[in-house]
Amino acid sequence: MPTNTTRRSDAEIFGDARKALDERPTVPQGVHAHVVSGVVTLTGSVRHPFERAHAEEAVSGIEGIRSLVNDIIVTQVPNPLGVEAPDDSD
C-alpha cells in the first residue's frame with residue numbers, strides 16, 4: 001500500500017493514474033480512478049479477477065498517493081475447470 005509523503009495535487013495524481021490504467025492492456029476501459037486528498041479509489045467492473053489486480057498494480061506506485069482503495073467489481077468468476085458455463089438464455 002502506498003505511503004508516499006511527497007505532496008502532489010489530486011489533479012496530478014489523477015492524470016498519472018489515468019495514464020497508468022490506459023497504458024495497461026489488461027485493464028478494461030470501464031475502470032475509473034477518483035482522487036480525493038491523495039486517496040485513489042478505483043471503480044468500475046471487470047470480468048476477471050486478474051483485471052482487477054492489474055488495475056491496482058498499475059496505479060500503486062504513483063508518487064504522492066496516500067492510500068489506494070480498490071472498489072472494482074468482478075462480474076464473472078472463472079470456472080475452476082477453465083470452461084465457461086453454457087448460456088441458459090434459450
Side-chain angles (χ1 to χ4, degrees):
M1 192 80 93
T3 57
N4 296 331
T5 57
T6 303
R7 206 59 184 134
R8 296 179 70 212
S9 73
D10 288 347
E12 290 173 311
I13 295 170
F14 173 79
D16 287 351
R18 187 68 259 159
K19 182 178 178 185
L21 293 170
D22 288 345
E23 289 177 348
R24 184 68 68 105
T26 54
V27 175
Q29 290 296 313
V31 172
H32 305 285
H34 309 275
V35 184
V36 177
S37 300
V39 177
V40 176
T41 302
L42 298 176
T43 61
S45 62
V46 296
R47 292 186 64 199
H48 304 284
F50 76 87
E51 294 169 322
R52 183 180 192 273
H54 287 190
E56 185 171 330
E57 290 169 9
V59 300
S60 65
I62 293 173
E63 187 177 347
I65 293 177
R66 289 188 31 213
S67 66
L68 176 60
V69 178
N70 190 341
D71 284 342
I72 298 171
I73 298 168
V74 177
T75 59
Q76 175 179 330
V77 177
N79 183 319
L81 300 176
V83 179
E84 291 189 26
D87 184 8
D88 291 335
S89 62
D90 294 308

Are Arg52 and Asn70 close enough, and set up right, to give a side-chain contact (heavy atoms from CB on, under 4.5 Å), and what steps lead you there? CA-CA 8 Å; Arg52 183 180 192 273; Asn70 190 341; 3.6 Å; yes
May I have the step-by-step check of side-chain contact (heavy atoms from CB on, under 4.5 Å) for Val40 and Ile13, ending in yes or no? CA-CA 8 Å; Val40 176; Ile13 295 170; 3.7 Å; yes
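Between the side chain of Arg66 and the main chain of Ser37, a donor-acceptor pair closer than 3.5 Å is present. Side-chain N or O atoms of Thr41 include none that pairs as donor or acceptor with a backbone N or O of Val69 at under 3.5 Å. Remark: the backbone N or O of Ala20 is not paired with any side-chain donor or acceptor of Glu23 at under 3.5 angstrom. Within the 3.5 Å criterion, the main-chain N or O of Glu63 finds a donor-acceptor partner in the side chain of Arg8. No side-chain donor-acceptor contact under 3.5 Å links Asp16 to the backbone of Ile62.
To the nearest 0.5 Å, atoms CG (Leu42) and CG (Asp71) are separated by 8.0 Å. Atom CZ of Phe14 and atom NE2 of His32 lie 9.5 Å apart (nearest 0.5 Å). A distance of 7.0 Å separates CD in Glu51 from OG1 in Thr26, rounded to the nearest 0.5 Å. From Arg7, atom CZ reaches atom CD of Glu12 across 10.5 Å, with rounding to the nearest 0.5 Å.
Between Val74 and His48 the shortest heavy-atom distance is CG1-C, 4.0 Å. Closest approach of His34 to Thr43, counting heavy atoms only: NE2-OG1, 2.9 Å. When all heavy atoms of Ala55 and Ile72 are compared, the pair lying nearest together is CB-CD1, 3.6 Å.
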